[in-house]
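Letters go in sequence order (proteins before strands), and every chain restarts at 1.
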Amino acid sequence: MDLPADLLTPVLRDPTAIRSLRDADWDLLVRQGRESGLLGRVHHRLAEAGLLDSVPEAPRRHLEAEWSLAEKQWRDVRWEVECLRRNLAVTGVPIFLLKGAAYVLTGLPSGRGRLFGDVDLMVPRTALPEVEKELTLAGWRFDPDLDPYDDHYYRTWTHQIPPLTHFLRHTCVDVHHTIVPETARVDVNAKKLRDAARAVDGSEDLYVLAPADMVLHSAVHLFNEGQFERGLRDLTDLDLLMSRFAAEDAEFWSRLVARASELDLQRPLFYCLRYCRLILGTEVPEQARRDIARAVPVGGGHRWLMDLLFTRALRPHHHSCRTAASGAALWLLYVRSHYLRMPLRLLLPHLWRKAFRGIKKGDATADVEGYTT
Amino acid sequence: MNLGDLAPQDLTRRLRGPGVMLRTGPFVSRIWTDMPIMERGLSLLYADYPVEDDRGFADFHVSVMRPRSLRRWFQPQAQLLYDHQALFEPLPLDQALPMFEWGMNWAVGTMANQFLILHAATLERNGRVVIMPAPPGSGKSTLCAGLACRGWRLMSDEMALITLDDGLVVPLARPVSLKNKSIEVMTRFAPDAVFSEPAEETHKGTVALMRAPRDSVARKRDPARPAWIVFPNYLPGAETSLAPRSKAATFMEMGENAFNYSVHGRRGFDVLAGILDSCACYDFRYSDLDHAVQVFSSLASEA
């Protein structure tokens with residue numbers, strides 16, 4: 001089937017691909033990059049490869065503009081984490097930073113050129129009431145429109161409490177107690193993650209997950225949660241994480257595969273290695289690929305189907321890359337994510353409620369008044 | 001080639017096909033519309049703006065379309081799309097043009113982070129720029145339109161684009177958005193000026209757009225250095241008064257009302273501080289537009 005032009009992925013894979021782009025291609029690439037939240041990352045890749053000067057001036061200004069925004073958010077995340085650390089200091093509860101915030105605080109390349117929606121952190125489940133209380137006292141609020149059903153849903157069936165927003169800074173924080181939903185078919189032992197975590201330099205109360213766990217968390221999030229608006233961005237996070245960790249530790253790949261089996265996350269790791277390699281050209285040693293394939297028996301037909309779905313879902317989030325087939329793929333992966341998340345006896349009543357509420361609330365385009373001056 | 005040089009059929013073809021590549025100051029916007037009211041509005045307000053090759057690069061991608069709902073038959077609407085995605089709720093058809101202008105502002109304000117962008121009108125005379133920050137209702141746009149019709153070059157009625165390298169103001173020179181009574185004030189003040197049909201009952205009341213003077217549009221690549229920061233305040237019946245204003249308070253207020261001050265961190269602080277250092281700051285109260293323009297003229301003729 002003839003898919004429309006994806007100009008973004010080839011550039012992420014190999015920055016020298018920009019050499020063949022004409023002005024009209026840049027017009028599309030900048031839009032694909034922006035919609036996928038990857039324009040700042042493209043800037044970073046091109047700067048590292050010494051190629052920024054080869055970008056025509058007009059698109060280069062967009063890359064620089066988005067890079068400035070990403071750098072601002074990079075600073076903001078550090079400040080937000082500092083605020084959270086101070087807010088929770090009285091509790092003595094250790095804070096485990098997840099995803100973007102962890103990348104930023106440990107100086108990983110996956111933290112650069114990246115846009116952030118929120119700060120994700122994990123605390124022991126037993127500490128949740130205390131953490132919730134201190135954050136509320138410090139000005140963090142739940143969405144006032146959160147209805148009792150949503151609240152119940154978050155607390156009973158997911159791996160986090162409802163998102164909190166700061167009343168002055170309008171920043172968001174997601175407080176987790178583990179990395180997969182309570183009801184999920186895989187059961188990750190959060191204590192194992194905490195025990196392996198590493199302290200952030202110079203800090204006694206801030207931690208990040210161990211390298212292998214960081215990759216596994218990002219992989220389970222991308223391949224099991226059925227949300228692909230930032231799919232390609234998350235895939236490049238994985239590519240950057242694995243490449244950095246492999247360069248620092250010769251044993252990284254074998255540790256990663258062993259850890260996946262310990263945490264029951266072999267299948268997401270299988271997809272992670274497969275699609276990072278297929279889509280972004282990540283160099284994964286053959287041994288690691290063989291080991292994970294042996295642990296996750298995926299038949300030829302199944303593999304063909306998952307390739308079909310994921311290679312479509314992981315295209316840039318832009319209308320130029322959307323087809324009827326990609327719409328169907330996203331829908332199937334969404335259904336799959338729910339199947340992975342909860343058993344049918346919970347899922348069906350949940351979807352039933354969601355469906356009726358969707359009709360009541362209508363769609364979510366912004367009101368013009370917020371944007372005029 | 002300017003938009004006004006395109007044959008009507010050619011304009012229609014482009015607006016419904018590859019888009020019209022309209023240059024406004026440092027930006028090129030690819031514009032689509034299937035609405036005659038928009039086509040007329042663009043021809044009226046943007047005739048003097050260059051149209052570039054549609055195979056080139058566009059900074060922004062804006063379309064104004066009629067939503068394909070049943071409602072189009074009894075209560076026609078216009079919808080603004082940015083790169084094929086709906087930005088705002090659809091509005092009544094006759095608000096298409098103001099909505100297009102809001103969309104263009106939105107695009108610059110959210111994406112053009114290569115500039116420090118302040119919420120202010122900017123005009124230039126003898127190579128020196130006046131920056132006029134002010135909240136809605138302060139008479140900023142009216143004063144801006146008045147000055148633009150009396151020898152000042154219009155740079156922008158809404159956003160001051162400031163380069164990070166040298167703190168210069170870059171012209172945008174788009175139409176001036178006038179609200180309610182200021183429409184009547186301006187039609188009396190400048191009988192030769194060109195206005196769009198007023199759009200009524202918008203969330204800002206009645207809105208009309210005044211075409212930017214031709215000279216201002218032509219000097220689209222000509223940045224200039226800021227010399228004054230003036231906070232206008234329209235007060236019915238007030239005596240005209242120009243009073244010095246604290247630089248520290250001005251700095252704080254400008255930072256708070258900027259579109260993207262925080263994006264630039266330390267650099268934004270330095271650029272804004274540089275501007276404050278080189279500008280005289282004033283509070284300006286007025287009720288009579290003629291008199292107000294005179295005060296600005298004498299300001300500009302001072303050494």
Side-chain angles (χ1 to χ4, degrees), chain A residues 4 7 18 21-36 39-40 43 55-76 78-79 115 169-171 229 316-322 362-373, chain B residues 18-19 21 26-28 30 52-61 79-80 82-91 95 98-99 101-103 105-107 109-116 119-120 135-136 157-159 164 177 202-204 207 257 259-268:
Chain A
L7 297 171
I18 62 156
L21 300 179
R22 294 158 305 154
D23 282 350
D25 300 324
W26 280 108
D27 186 290
L28 184 59
L29 172 61
V30 166
R31 288 182 288 153
Q32 289 179 345
R34 189 189 313 282
E35 271 300 295
S36 310
L39 214 47
H43 180 279
V55 181
E57 195 193 336
R60 196 174 67 232
R61 284 198 303 254
H62 285 264
L63 297 179
E64 285 163 357
E66 202 72 356
W67 173 250
S68 299
L69 190 62
E71 286 290 278
K72 174 221 189 310
Q73 296 201 354
W74 190 86
R75 294 190 303 268
D76 287 354
R78 297 183 73 91
W79 171 241
L115 299 181
R169 299 193 299 276
H170 304 291
T171 42
E229 288 85 4
H317 186 68
H318 188 256
H319 63 86
S320 61
C321 296
R322 238 166 269 151
D363 80 302
T365 32
D367 201 46
V368 67
E369 279 147 63
Y371 291 101
T372 56
T373 52
Chain B
M21 298 277 277
F27 309 114
V28 175
R30 198 184 284 272
E52 304 197 349
D53 185 350
D54 55 39
R55 286 161 303 183
F57 178 86
D59 294 285
F60 308 127
H61 300 76
Q79 178 143 48
L80 183 75
Y82 189 84
D83 192 14
H84 299 254
Q85 294 209 54
L87 267 192
F88 311 128
E89 292 288 350
L91 291 177
Q95 298 183 21
M99 184 164 72
E101 291 295 324
W102 295 327
N105 287 342
W106 176 88
T110 54
M111 283 178 264
N113 288 317
Q114 66 269 40
F115 297 108
L116 171 65
H119 184 194
D157 80 321
E158 207 56 271
M159 5 179 88
L164 294 167
S177 168
T202 78
H203 69 286
K204 306 190 146 247
V207 174
N257 292 318
F259 281 86
N260 65 354
Y261 176 62
S262 67
V263 168
H264 299 294
R266 174 70 197 260
R267 201 169 175 202

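Note: B:Asp83 leads B:Asp83, B:Val28, B:Asn113 in heavy-atom pairs under 4.5 Å with chain A. Among A:Arg34, A:Glu64, A:Glu71, the residue making the largest number of heavy-atom pairs under 4.5 Å with chain B is A:Arg34. Considering only heavy-atom pairs separated by less than 4.5 Å from chain A, the leading option among B:Arg30, B:Glu101, B:His84 is B:His84. With chain A as partner, the option from B:Met111, B:His61, B:Gln114 having the largest number of non-hydrogen pairs under 4.5 angstrom is B:His61.
Ionic pairing of B:Arg55 and A:Asp27 is not present here: no N-O contact between side-chain nitrogen and carboxylate oxygen is shorter than 4.0 angstrom.
For A:Glu66, no part lies near chain B; criterion is any non-hydrogen pair under 4.5 Å. B:Pro26 touches chain A through its backbone: at least one of N, CA, C or O sits under 4.5 Å from a heavy atom, while the side chain does not.
Using a 4.5 Å heavy-atom cutoff, the side chains of A:Arg22 and B:Phe57 are not in contact. In this structure the side chain of B:Gln85 never reaches within 4.5 angstrom of the side chain of A:His319, judged on heavy atoms.
Taking NZ of A:Lys72 as the start and OH of B:Tyr261 as the end, the distance is 12.0 Å to the nearest 0.5 Å. With rounding to the nearest 0.5 angstrom, the CZ atom of A:Arg75 is 8.0 Å from the OG atom of B:Ser262. Rounded to the nearest 0.5 Å, atoms CZ (B:Arg267) and OG (A:Ser68) are 7.5 Å apart.
Closest heavy-atom contact between A:Ala65 and B:Ala112: CB-C, 4.5 Å.
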